[in-house]
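As structure tokens, the structure follows; a few thoughts come after it.
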Amino acid sequence: MSYLSWPRLHFAGRFQADTSTINNDVRHYKSDAFLPQFQAPMVGHGGGGADRTNGYWNPEGTGAWRMVGCRVTAVALPGRRLTADTEDGAVGLRLGGSSDRVAAKLVDLDPQQQLASQIWGLRVTLLDARGEALLDSRYEVGTFTDLWKRQQIPQNFDQTLGAAFQSTLCDLTWGDLGASPALAKLRAASRDGILSIRFNVFGFDRDPTADDYTTGVVIGTIGPAARREPRFFVAGRQLVAATPADNPFGPLDRVYGFQAADHPRRRALVADLGNALPIVTAAGDFLDIGALELAVGRRDDITQGQTVTDADVAILGEVPYRTPGWYPETAGVVDFDYGEDPWLCEHIAEAPLMLVQRHSDGLRVLVRETAGGLYARADAHVFRLDPGASATVDYHATRYGRPTALTLALSFDDTIIGGAGTGATLNAERWPVPAVGVPTEAIAFPATLAIPKSGRARLRIRAARKGPGRPRGYLDGQVYGIGQTIADAPPGYLSKPLDFVSVLIWDAWRIPDKPTWHRDIRPIFEQYGNLYPIMSRHLVDLGDYDSVVRHLRALVHSFALPVADPNSMPVSRDLSANKRAGILKWLTTPGPDGLPLRGEPAAYRAPPPPRFAAPPPKKPATAAPPEPGGKLDYLMQAIATQTAKKA
Amino acid sequence: MLKIDPKYVEAVRAAEDKTDLYWLLQSAIELEHSTIPPYLTAWYSLKPGLNDEIGRLLRSVVIEEMLHMTLAANILVALGGAPSIDGEDFVPRYPGPLPMGIGGDGFVVHIAPFSLPLVRDTFMVIEEPEHPIEIGTLMAAAPTYRTIGEFYTALKDKLAELPDSDFGHVDRQVPWPMGPLPGILPIVDAQSAARAIDLIIRQGEGTSTDPFESPGEPSHYYRFGEVYNGSRLIRTKDGFSYGGEPIAFVSDGVHAMKPDPTPEQFAPGTYGRLLSDNFTAGYSALLNSLHAAFNGDPKQIDAAMGLMYQLRFMAQKLMSTPLVAGERATGGPVYRYTRGA
């Protein structure tokens, strides 16, 4: 059970992501090489026109994430969609965040893994016209996925990538649901006390002169959830698009993959095309790619790009994406009833779904279900580990959406991690970019995972007790990617490029008996001070002892908060347990003058260079203009670095 | 401190039991809060790295006003009352008068960027004591008025008449996040309430003989006097003078914020409007968290502290954003309470 079910609410509006961008380039982490210009905004225009990248497009970003002006647009029930508040009081409710807490924060795992952004400390509330909460909930930290180059025409300095966040809502508190039978039904359906939520984001504007600066469009769905189901994707039908090796964000046939859930008892299939169809501009107007239909192949050997006839497939129905208002009202989620079709009733559970484009001479297959209907994924797939710690990874395996047994081969996979981050193609920085994924001895995981017919298995990742040994030199720890392949997968099996586990393992750091500013704290704090001038200019200059001790109480408070609190420092959540403990120990242990110990200036040590440097990236084959400070540029960097490594 | 509508002092004196004091304490909470947006805005309007000393002085006053608000609210809680903070009525309209008829007709407080006239004509008028001490030659001795100090003194006297059993609810009182206040918080009896009120009076207006409320620390009126006069207050052999360390003021170091901002300062759908609405939502969230803290969930004061820091970033971003592209005047913080932020 997930949001691909009933009842569900759809919502639409905008989001703000006040992303902090100096940390987009890993080389800015080198404190002794940091230049004031890195805190200045980019000179010139993004999207290929930047003269000096500096701190990119938002150096004073706070990292805040907010939903802005979002409202429930519709309630979907079996066979019906309600779009007026007279039909159900849920329609028109405002979807907001917390009303008594600071904003949530959008956080990347690491400058060398920027494709795993997470929202921390988000509350999702549904509010009526008086501001009363009909629902208050905690959004469980989840990572965005399904990034792809969705927007055809960039304007200003739009982020042309789209993405989706899927997670669960927990700690539900319901208000007076008298005006909304749908919410009452949803409450009754949420027997495990959680709801499922997925929202698509696109059209994000990075131009400081634009009205929409730091904002984009969000369209999503909230539905029921069950504890036994994965939280961050649907264990259902998975359609995966073929993409070129050097551009995993660019599907070959213009549409991206998506997921669907079959409801055999109702003889209905619910498919989520909310992040699958290309849009023209940041407004989310769909590119007209003709009549699109969801179908089931009568054979499994039909491939993406092929043109077939109506005899080769059974049509589930049309995707009415060209109907005005369809997208905000449905979030791209379509119900297909197949009860009238005996072939579908008998075969849908064992035959591949495909999205087809109707032409005069046939049906072109734009994207199809994975070969053999097989799919496997780790539910939570981003981990931060202290040395000696371990994490449990929950894998789910399905075949045409039902639990299945299969074996995964697991191995190190740096394909889309690493590199300089962004701007390496334009920046003047010349010092080494660290290599990622090494040393491999720092992390242990089994080479295979046999998933039984329950479709679930757990795997343990262990971080070595002595940590990775400061391989990156001027920034803490190391990032690793753990990729997977399905053993005995059918030929031509396509997997999703972001379906891999990302792990940040922190360096071992001994908590000193008597921490001092110069030796122990300054090397940590000055890096934060450089990267986040919103703090150092407007609150506390983390590079300055006097400023730090003036704000002692606030720092003790923020560093001691649980990391899930939206006020937790550091916002970047990249601080190891020992360093955090050491900082708190220093802040709370006064010396003879009543202030934390300064120690000797000579004890300060500049950061060492990386032990393993990445090779300079090869120019990517695809001639996309560099987008400094953007995820597309990050990806191109990472791939180019990986390509150079292999050469 | 200013003229106060006499009905408040009379109502305190006429109170027969603790419940009669509830609305009066609520008024005190609202008054203490009402000075915060103007002082805060002046502080926020100082560009980072410039006018740091003035900034420190303003900040210290703001923090003490928050303390006064906390003390008044805790007295109300101790007596079994419930502070009401999360509502439109809690926030005065700016520009406009302060609560409790302070200053009588005609005294209007604005939300404005820092300037020396602002300090002289607004801040020092708000904080003016019953008997201002003559300092050097720059300030003429002012005539005396009935002041908020008289209100608080009457309150202290009335509280002394209440039995100790009237004071309690320690678990519902909110600790002061900047550090313990032994003997004052929590409010457990008339003596601790009296000490709390003494602190409010002393920090605000000082005493009739000493402008320093504690060594090296003038009360608010004289702290503003230091800023206005551009030098620290010191003791001389005959009394006091603003003859100490200079306090620099760089007039370029103030954001060109247009006074008395409203939500319409930026058109809907613009980045400036987003910044403005975010500030108002953050300020509303602050009031919500304070309300929750003083109504049974004291730990919420931590969320409130976090919101204070966030507000500072947001205000300074607003003050760096021109109202019209290419022009000098910038936006500013709108202090209103909205629900469903």
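First the proteins, then the strands, lettered A, B, ... as listed; each starts at 1.
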Greatest number of heavy atom pairs closer than 4.5 Å to chain B - which of A:T214, A:D205, A:T62, A:T215:
A:T214
How close do A:A554 and B:Y309 get, counting heavy atoms only, and between which atoms?
CB-OH, 2.9 Å
Between B:L274 and chain A, with a heavy-atom cut-off of 4.5 Å, which part of the residue counts as in contact: side chain, backbone, both or neither?
side chain
Strictly by ring-ring contact (aromatic ring centres under 6.0 Å, His included), give each pair with a member in residues 49-68 of chain B just once, sequence neighbours left out.
B:H68-B:H220
Counting only heavy atoms not in B:E264 (residues, nucleotides, ligands), do more than 12 fall under 6.0 Å from its CD?
yes
Would you mind telling me which of A:R537, A:H557, A:R14 has the largest number of heavy-atom pairs within less than 4.5 Å of chain B?
A:H557
Examine the side chains of A:Q16 and B:N278 and answer whether a donor and an acceptor come within less than 3.5 Å of each other.
yes
Closest-packed option against chain A by number of heavy-atom pairs under 4.5 Å, given B:A303, B:A304, B:G269
B:G269
Contact origin within A:V102 toward chain B - heavy atom pairs under 4.5 Å
both
Looking only at heavy atoms and a cut-off of under 4.5 Å, which of B:A292, B:S289, B:A325 has the most pairs with chain A?
B:S289
Treating A:D100 as the side-chain partner and B:N288 as the backbone partner, does any N or O pair qualify as donor plus acceptor under 3.5 Å?
no
Supply the atom-to-atom distance A:Y213 OH to B:L275 CG, rounded to the nearest 0.5 angstrom.
9.5 Å
Check the surroundings of atom CD in B:E88: do more than 12 heavy atoms from other residues, nucleotides or ligands lie under 6.0 Å from it?
no
Exercise: identify the closest heavy-atom pair between A:G131 and B:R339:
CA-CB, 4.0 Å
Might you point out which heavy atoms bring B:F313 and A:I534 nearest each other, and give the distance in Å?
CE2-O, 3.4 Å
Are any of the side-chain heavy atoms of B:L307 and A:N567 separated by less than 4.5 Å?
no
What part of A:A103 is in contact with chain B, defined as an atom under 4.5 angstrom from a non-hydrogen atom: side chain, backbone, both or neither?
both
Sequence neighbours excluded, every pair satisfying side-chain hydrogen bond (donor to acceptor under 3.5 Å, both in side chains) that has a member inside residues 312-326 of chain B
A:D18-B:K317, A:H538-B:Q316
Region of B:D302 in contact with chain A, defined by heavy-atom distances below 4.5 Å
both
Side chain from CB out, backbone as N, CA, C, O: work out which of these in A:R553 comes under 4.5 Å of a heavy atom of chain B, or both, or neither.
side chain
Are A:R101 and B:Q300 close enough, and set up right, to give a side-chain contact (heavy atoms from CB on, under 4.5 Å), and what steps lead you there?
CA-CA 9 Å; A:R101 226 151 272 272; B:Q300 276 265 35; 3.5 Å; yes
